[in-house]
Amino acid sequence: MVERRVRIGELARRTGVSPDLLRAWERRYGLLAPVRSDGNYRLYTPADEARVSAMKARVEAGVPAGEAARIVLAEPVLPGAADFTAAAGALGTALEDFDDAGSHAALDALLSGFGFETVAREVLLPYLRRIGERWERGETTVAQEHFATVVLRGRLLGLARGWDRGTGPRAVLSCAPGELHELGLILFGLALRGQGWRITYLGADTPLDSLTAASRSLQPAAVVVVALTRGRLEAVRAELGVLAGEAPLWLAGAGVDAELAEACGARPLHGDPVAAAAELAGAALPV
Amino acid sequence: MVERRVRIGELARRTGVSPDLLRAWERRYGLLAPVRSDGNYRLYTPADEARVSAMKARVEAGVPAGEAARIVLAEPVLPGAADFTAAAGALGTALEDFDDAGSHAALDALLSGFGFETVAREVLLPYLRRIGERWERGETTVAQEHFATVVLRGRLLGLARGWDRGTGPRAVLSCAPGELHELGLILFGLALRGQGWRITYLGADTPLDSLTAASRSLQPAAVVVVALTRGRLEAVRAELGVLAGEAPLWLAGAGVDAELAEACGARPLHGDPVAAAAELAGAALPV
Amino acid sequence: MVERRVRIGELARRTGVSPDLLRAWERRYGLLAPVRSDGNYRLYTPADEARVSAMKARVEAGVPAGEAARIVLAEPVLPGAADFTAAAGALGTALEDFDDAGSHAALDALLSGFGFETVAREVLLPYLRRIGERWERGETTVAQEHFATVVLRGRLLGLARGWDRGTGPRAVLSCAPGELHELGLILFGLALRGQGWRITYLGADTPLDSLTAASRSLQPAAVVVVALTRGRLEAVRAELGVLAGEAPLWLAGAGVDAELAEACGARPLHGDPVAAAAELAGAALPV
DNA sequence: ATAGGTTTTGTCAAGCTTTTGTACAT
DNA sequence: ATGTACAAAAGCTTGACAAAACCTAT
């Protein structure tokens, strides 16, 4: 295993603790003992990052720095998977570090210790939200977001294997034409699968006629179209209306509102993907 | 295989890294070792391009260039395609070595690459069969088998989480009293879940009154009792008869034959757990 | 366990009692006896915070300060949590109803909100104790207990994933031959993992030769054997003596007493699984 | 409650070194 | 293409400082 090591400035950026303070914590409390590069630069590992984050959290909670350091140092270096927040933090760190193996390990720990819905709601959705916000503020690099997306999508699709089998009601899922963000849609599908539904997944940027063809051929109990911006749906408002005439159509995502849904003859889903899946499962069955 | 090779300008254009910098990375960190053309031009392969992209992504994420190069060079050029037999072999080795984490990693590789039913049929069932044969021949249990059973059981129960949700028919699964081998029953449950059923799992060594109580409370579409030896079932033949009177009872495992099942008023299931699950799903639904 | 301690200002902010008054209560009534830091600062524990809150509530209710202090000092310190009891109750209900998914959801809520050790101590151990008492009184097993045990076991083994990784000392855990109650052993393993140990888990009903083989192959810092009844251990007393000769052997569970342990050349562990893990971690390390 | 002294802790400065992308001459 | 050079950015160490928080005693 090759350690991912960063210098003090990067650690400072990631943790929000200034380089000066990091050095002070090292000098005064022995909080960190980074190895040095040839040029005598400090090199920090992800475990160090976890320590600093823990320290910072305690200090912000009002614990004196010296005490916080004592506590952090007394804790085992490797927290067991039994610790939810630690595992969630490890996932974030691994994704930031382009650490493919580490990301998978952290996800494994989370998913084997906790239910999928909890992991989705408490870890994955907040992470997606954070990426979105950072992207808006221009803080995250394209490469980083891309890496995280690829890792998560691959992993979630792995979980999704065989999700179209069984005897439950069937749902056909797609992103609106032009809409490329599909992680939320996959989470939605997995949550719905957890309720016993069968999923037919068409993925990102699905042309409306593909969707209509699938709908005609499968006669699903629900057709779901997701869009993060309103424009994507308005552009195909007419076709959606046609589709709604022949299948139970649901619209989801931030680009949806009640007015638009009604205009299409569709029904809106609300909230995050996990909540929306519960809403659909509750509402569609009695029909 | 003839490599498609490009010159430095083209590589720079593709990766967004200037030619000067590419040369600097080669000189300082040995990141690349391109072959030379007749005119002493550098010629790069797709693997080189992958290296440069990985390097660039890390540097943009804040990792110092020297560190990034060290990491990129330490990684295998192409992450080996998941090879089924290799992963299966790794699983066997890890289980022999009492290596919990290694076993999980191997199982992860198998399950993320090949789907549950394949893994069950090609790896887990043969393993169970081998244990069963040894046991039949009266060979003393090999020490590692105990560990392996515990690891696999924990892992499969992890896959099983939430398997009673949904709208499908419900099955209540149990081992006969005294029967401790439950791996097969878990595989059976997972295969049945794959068919859309809901599973209530009572596990090894289930007292008959526990089973009867669960059956009354849940009114399942099937109650399944497993035993590897005939004696376990004969010992509770009377109670099984009572249970069969109030619920659809199925018997499975090597300890079952048609005569015994009939005598109890139950129906037999045949073959390995995956096959038996298919049989139950096919036979129980039309009822 | 490392205490989280705060200084007087933070305690004042948290309780709404001024630093001056806190010092006065200490001087006049001996309400608190905080330890001092190197620089002679007072350091308060969460128990102190509970005391101050109780004191404040009484004073505001009109009780004279001296009287209030006397009452508070006579009371045991117990921090309560309403959220916690609600989630614990939901778990109990779901387990009673054979509701697998509901049980997992309740466990998710507990584990992600309160941390493993708290949940173990406040929910799971009392549950085990209740089962144990019923069993001792010879009451027939309630059907639900069987289901509950299976669910909890699967869940805890999920949390245990990867618990043999890391660099800490290694422990090999097993139930004595014939001993089928393994929930306590898993809790013990998880608590020990929380102390930084690596765990190799052999589970219920472990033949002595399996245990010996694992011990020889892994050379652990501790081998632990659990039994709830004394007979299980006496039946293998000779083999335990041999094992104790080649590895540090510890015995735990209600079936252990000092005399028996000494006769085997082993050392006894006391109290519930979490306490026993702390005992082992404290005693085995200096060796 | 105030006064006067001590401890804690985040921040800064000066002077020097290392890293790393880019530039230029041959 | 090669080899050398350069300069901006980032780091290192030592030492110090000052605001906030805390102590005791009156």
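Residue numbers begin at 1 in each chain, while the letters A, B, ... track the order of the sequences. We use all heavy atoms of the structure for the numbers below, so side chains are in, but hydrogens, waters and symmetry mates are not.
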Problem - Residue met sooner reading DNA chain D from 5', once A/G39 and A/Y29 are mapped to nucleotides - result: A/Y29
Exercise for the section: Could you check whether B/R36 gets within reach of a base, just the sugar-phosphate, or nothing at all, counting any heavy atom under 4.0 Å? Expected result: sugar-phosphate
Handout entry: Distance in angstrom units between B/E26 CD and D/dG21 C1', rounded
Key = 16 Å
Exercise for the section: Would you please confirm or rule out a distance under 4.0 Å between OP1 or OP2 of D/dT20 and any side-chain N or O of B/R27? Expected result: no
Practice task
Would you write the dot-bracket representation of DNA chain E, where each base gets (, ), [, ], | or . depending on whether it forms a Watson-Crick or G-U pair under 3.5 Å and with which partner?
Solution key: ||||||||||||||||||||||||||
Problem - Whole-Å distance separating the CD1 atom of C/I8 from the P atom of E/dC22 - result: 7 Å
Handout entry: C/Y41 OH - D/dT6 P separation (whole Å)
Key = 12 Å
Practice task
Please check if the side chain of C/D164 supplies one atom and the backbone of B/A101 the other of a donor-acceptor pair under 3.5 Å.
Solution key: yes
Handout entry: Under 3.5 Å: donor-acceptor pair, side chain of C/K56, backbone of C/T15
Key = yes
Handout entry: Under 3.5 Å donor-acceptor, C/R198 side chain and C/G168 backbone
Key = yes
Exercise for the section: Please tell me which of the listed nucleotides, E/dC23, D/dT20, E/dT2, lies nearest to the side chain of B/N40? Expected result: E/dT2
Problem - Exam field: side chain A/D97 to backbone A/D99, donor-acceptor pair closer than 3.5 Å - result: no
Handout entry: OP1 or OP2 of D/dT22 under 4.0 Å from side-chain N/O of B/S18
Key = yes
Exercise for the section: Report yes if a side-chain nitrogen or oxygen of C/R42 is closer than 4.0 Å to either non-bridging phosphate oxygen (OP1 or OP2) of E/dC23; otherwise report no. Expected result: yes
Handout entry: Minimum-distance nucleotide (side-chain atoms of B/D20 versus D/dA23, D/dT19, E/dC12)
Key = D/dA23
Problem - Position toward the 5' end of DNA chain D (nearest nucleotide), B/A24 or A/R7 - result: A/R7
Handout entry: Euclidean distance, atom CG of residue A/L43 to atom P of D/dT19 [Å, nearest integer]
Key = 10 Å
Practice task
Using whole Å, report how far CZ of A/R13 lies from C1' of E/dG11.
Solution key: 13 Å
Practice task
Answer yes or no: does a side-chain N or O of B/W25 lie under 4.0 Å from OP1 or OP2 of D/dG21?
Solution key: yes
Practice task
For the pair B/R23 and B/E26, find out whether any cationic side-chain nitrogen is under 4.0 Å from an anionic carboxylate oxygen.
Solution key: no
Completion exercise
A/D38 atom CG is separated from D/dT19 atom P, nearest whole Å, by 7 Å
Problem - Protein-nucleotide distance (B/K56, atom NZ; D/dG21, atom P), rounded to Å - result: 12 Å
Handout entry: d(CE, A/M55; P, D/dT9) in whole Å
Key = 8 Å
Practice task
May I ask you to decide if A/V63's main-chain N or O and C/E10's side chain share a donor-acceptor pair within less than 3.5 Å?
Solution key: no
Fill in the blank from the handout: For C/E49, the salt bridge (Lys or Arg N to Asp or Glu O under 4.0 Å) test, sequence neighbours excluded, returns C/R14
Exercise for the section: Output yes when a side-chain donor or acceptor of A/D205 lies under 3.5 Å from a complementary backbone atom of A/G178, and no otherwise. Expected result: yes
Completion exercise
Comparing B/R28 with A/P19, nearest DNA chain E nucleotide closer to 5' gives the residue B/R28
Exercise for the section: Examine E/dT2: is either OP1 or OP2 under 4.0 Å from a nitrogen or oxygen in the side chain of B/R23? Give yes or no. Expected result: no
